[in-house]
Every structure is written in structure tokens, then in C-alpha cells.
Novice: 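Would you mind keeping the following structure in view while I ask a few things?
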Amino acid sequence: MAVETRFPRWADSPPQFLIWELDELVFPAMFFLLFLPMRNLIPGLILGVISMRLYRRAKEKMPSFWYLHYLWVWGVWNPLGKRTLFPRGYISTFRE
């Protein structure tokens, strides 16, 4: 006899701080820290919020983790380290 198990609806969702996901909060925090030494916090926060909204729109249109895919294609990020059996992202043909 099978036991019915119910999982929470948001079990797989990314971590959040209040109403924002943590990857969206990187932009306001980054611009805040960049503009902090110049004592221009308000323009930094405005730029951070604008970039956060642009990132949110791109995230809604693109598939999950699209930014990691583009970093891999450009050769900036390799998730498996230097020793891998898969070709680099910029190689378009693969022959065994």
C-alpha cells in the first residue's frame, strides 16, 4: 500500500531574503559597495535596483541557470575543473 507524501510547493526554490531571491540582491549590494567609497550611495542603489530589474526580466525569459551556461560557453567558468572529458563550450564540433 502506497503512502501519500506531500512536499511543500517551494521546496526547490532558491533562497530568499524578504521578497527577493539572493541572486537578485547581488546587484544592489555590488553597486552599494562600489559607490560607498565615493559617498554616492543613492545613485549606487538606483543603479543596483535598475540592474536587478533587468536581471529579473532576463531570468524570467531565459531557462534556468542561463548565466552559468554563458560563462561556460565563453570559457570563464568550468564546473568540473580542469580535468574534464567534455569539450570546452566554445568548441562547436566534437568527434570521438
Side-chain angles (χ1 to χ4, degrees):
M1 185 166 162
V3 177
E4 184 178 333
T5 305
R6 295 179 187 237
F7 287 100
R9 185 173 157 193
W10 303 107
D12 292 353
S13 65
Q16 289 190 332
F17 177 74
L18 298 177
I19 60 172
W20 303 286
E21 294 179 2
L22 287 182
D23 61 341
E24 295 170 355
L25 279 179
V26 168
F27 294 104
M30 179 181 64
F31 279 106
F32 179 81
L33 291 175
L34 284 174
F35 280 74
L36 185 63
M38 295 181 279
R39 298 180 189 233
N40 291 327
L41 296 180
I42 301 300
L45 287 176
I46 291 171
L47 284 173
V49 169
I50 290 171
S51 61
M52 178 180 68
R53 287 180 182 232
L54 291 173
Y55 174 70
R56 187 181 294 168
R57 276 194 202 145
K59 195 166 77 168
E60 289 173 358
K61 292 179 183 178
M62 304 281 195
S64 299
F65 301 107
W66 59 273
Y67 46 89
L68 294 179
H69 171 72
Y70 283 117
L71 288 176
W72 179 72
V73 167
W74 294 329
V76 175
W77 179 67
N78 190 4
L80 301 175
K82 295 197 184 272
R83 297 184 57 174
T84 179
L85 300 175
F86 301 110
R88 298 282 181 208
Y90 51 83
I91 298 175
S92 59
T93 58
F94 180 64
R95 297 186 184 124
E96 290 190 64

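As the structure is a computational prediction, the values presented were derived from the model and not from experiment. Because only heavy atoms are used, hydrogens play no part in the values below, and waters and symmetry mates are left out as well, while side chains stay in.
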Novice: Please answer: with hydrophobic residues joined when any side-chain heavy atoms are less than 4.5 Å apart, are Ile46 and Phe35 in the same cluster?
Specialist: no
Novice: Do Met62 and Tyr55 share a hydrophobic cluster (ILVMFWY, side-chain heavy atoms under 4.5 Å, transitive)?
Specialist: yes
Novice: Can you see which heavy atom on Trp66 is nearest to which on Lys59, and at what distance?
Specialist: NE1-CA, 3.6 Å
Novice: Taking Leu36 as the starting point, is it possible to reach Leu34 by hopping between hydrophobic residues whose side chains are less than 4.5 Å apart?
Specialist: no
Novice: What's the shortest heavy-atom distance between Glu24 and Met52, and which atoms?
Specialist: O-CG, 3.3 Å
Novice: Please report the interatomic distance CG(Asn40) to CG(Leu45), rounded to the nearest 0.5 Å.
Specialist: 11.0 Å
Novice: When hydrophobic residues are tied together by side-chain contacts of less than 4.5 Å, even through go-betweens, does Phe31 share a cluster with Ile42?
Specialist: no
Novice: Please report the closest heavy-atom contact between Phe27 and Ser51, naming both atoms and the distance.
Specialist: CB-OG, 3.3 Å
Novice: Return the minimal non-hydrogen interatomic distance between Pro28 and Val49, and the atom names on each side.
Specialist: CG-N, 4.4 Å
